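For clarity, every value in this text was computed on a predicted model and none was experimentally measured. Numbered from 1 within each chain, the chains take letters A, B, ... in sequence-line order.
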2 protein chains.
Amino acid sequence: MGRPRKFDETEVVSLARELFASRGYHGTSLDELVNSTGLLRGSIYKAFGSKRNLFEAALSSLGDDFDQSPESLDLLTVALKELASEDAKVAKICQEIISRADSKNVSEILGRNLLAKMKGQN
Amino acid sequence: MGRPRKFDETEVVSLARELFASRGYHGTSLDELVNSTGLLRGSIYKAFGSKRNLFEAALSSLGDDFDQSPESLDLLTVALKELASEDAKVAKICQEIISRADSKNVSEILGRNLLAKMKGQN
DNA sequence: GCACTTATTGAACGACCGGTCAATAACTTT
DNA sequence: AAAGTTATTGACCGGTCGTTCAATAAGTGC
């Protein structure tokens, strides 16, 4: 009942995931989220409550299919470096994602993904 | 000639390095820099020109003794994830630091340092 | 002491930040 | 068609962001 939503939540989370992965948590502004998802601020806050919650939703959505793509690795890196040490909930989500990943050398893969960022521009 | 500086530039860069390493580039504010270095905003800008330049000075100072300490690894991670892909100068500094490092498995070490951040709080 | 040069100080700037909310719209139920 | 419920809209909020700069201080050389 009530007015129906105009947007698909999964799709919005997916767009937020792209942004957070590439620009980082502190590097992503609400305006950018608004522009890329098409939702206005009010709708984002009604649906997710806060920027932090939206990030957590995006991070959690990795668990469903952690594919070791650059985007996934970037988001995990952002979660670990920018938030995990001060946010136990984020830290726990990271643990779950990694425990479900069927690779023994996640650290090697994360590190390689980081080092790749300095190639191709000098 | 002129008024002499009250501060030791190397020491200020070192304090900035600590902050950037632990809080990230976008996560570190001028106010925090002011509080931890003891310099006022005007002095920081006179000495370094911009927040970005101060970060570059901090990053470059790693080259002198890249010791693979958590702080050094954190700063390198910040440089790579938050800046390197959009800032060729930062990317180049990262390359120099890593080429000077006498370790073949930097990626493994960077990754391990990241994963360590999710331990010890659930 | 006066001119010159360079550094410190901190108030002020406009831009942007994450977040709020009253008004309105779109649905269901009766 | 009226009442009830939930979603959208976007202007607005106080606070913080990185940056600037005129006033002042602290040196040196004449």
No-H, no-angle donor-acceptor pair, B:R41 side chain to C:dG10 base, under 3.5 Å: no
Mind checking whether [X] and [Y] have side chains closer than 4.5 Å, heavy atoms only?
| X | Y | value |
| --- | --- | --- |
| B:F66 | B:I98 | no |
| A:S107 | B:L114 | no |
| B:I44 | B:V12 | no |

Strictly distance-based, threshold 3.5 Å: is any side-chain N or O of [X] a donor or acceptor partner for the main-chain N or O of [Y]?
| X | Y | result |
| --- | --- | --- |
| B:E82 | A:G24 | no |
| A:E71 | A:A21 | no |
| A:T77 | A:L73 | yes |
| A:D87 | A:V90 | yes |

Can you sort out the partners of B:D102 under side chain to side chain contact (heavy atoms under 4.5 Å, CB included), two or more places apart, ordered by chain and number? none
Send over the distance from A:R3 CZ to C:dA26 P, rounded to a whole Å. 5 Å
Atom CZ of B:R5 and atom P of C:dT9: how far apart are they, to the nearest Å? 13 Å
Within residues 42-55 of chain B, those residues having any heavy atom closer than 4.0 Å to DNA chain C are B:G42, B:S43, B:K46
Just checking, A:K81 and A:Y25: is the charged tip under 6.0 Å from the six-membered ring centre and within 45° of the axis? no
First locate atom CG of A:D74, then atom CZ of A:R23, and finally report the distance between them rounded to the nearest 0.5 Å. 13.0 Å
Basic-acidic side-chain contact under 4.0 Å: B:R52, B:E56: no
Taking the basic N atoms (NZ, or NE/NH1/NH2) and the acidic carboxylate oxygens, is any pair closer than 4.0 Å for A:E96 and A:K92? no
Between which nucleotides of DNA chain D, 5' to 3', does chain A make heavy-atom contacts below 4.0 Å? D:dT5 to D:dA11
Let me check the geometry of the helix from C:dG1-D:dC30 to C:dT30-D:dA1. What is the bend angle between the axes at its two ends, five pairs each, to 10°? 0°
Under a 4.0 Å heavy-atom cutoff, the residues of residues 16-36 of chain A touching DNA chain D are none
Quick test of your reading: applying side chain to side chain donor-acceptor pair (under 3.5 Å), list the pairs with at least one residue in residues 35-45 of chain B, sequence neighbours left out, ordered by first then second residue. B:D31-B:R41
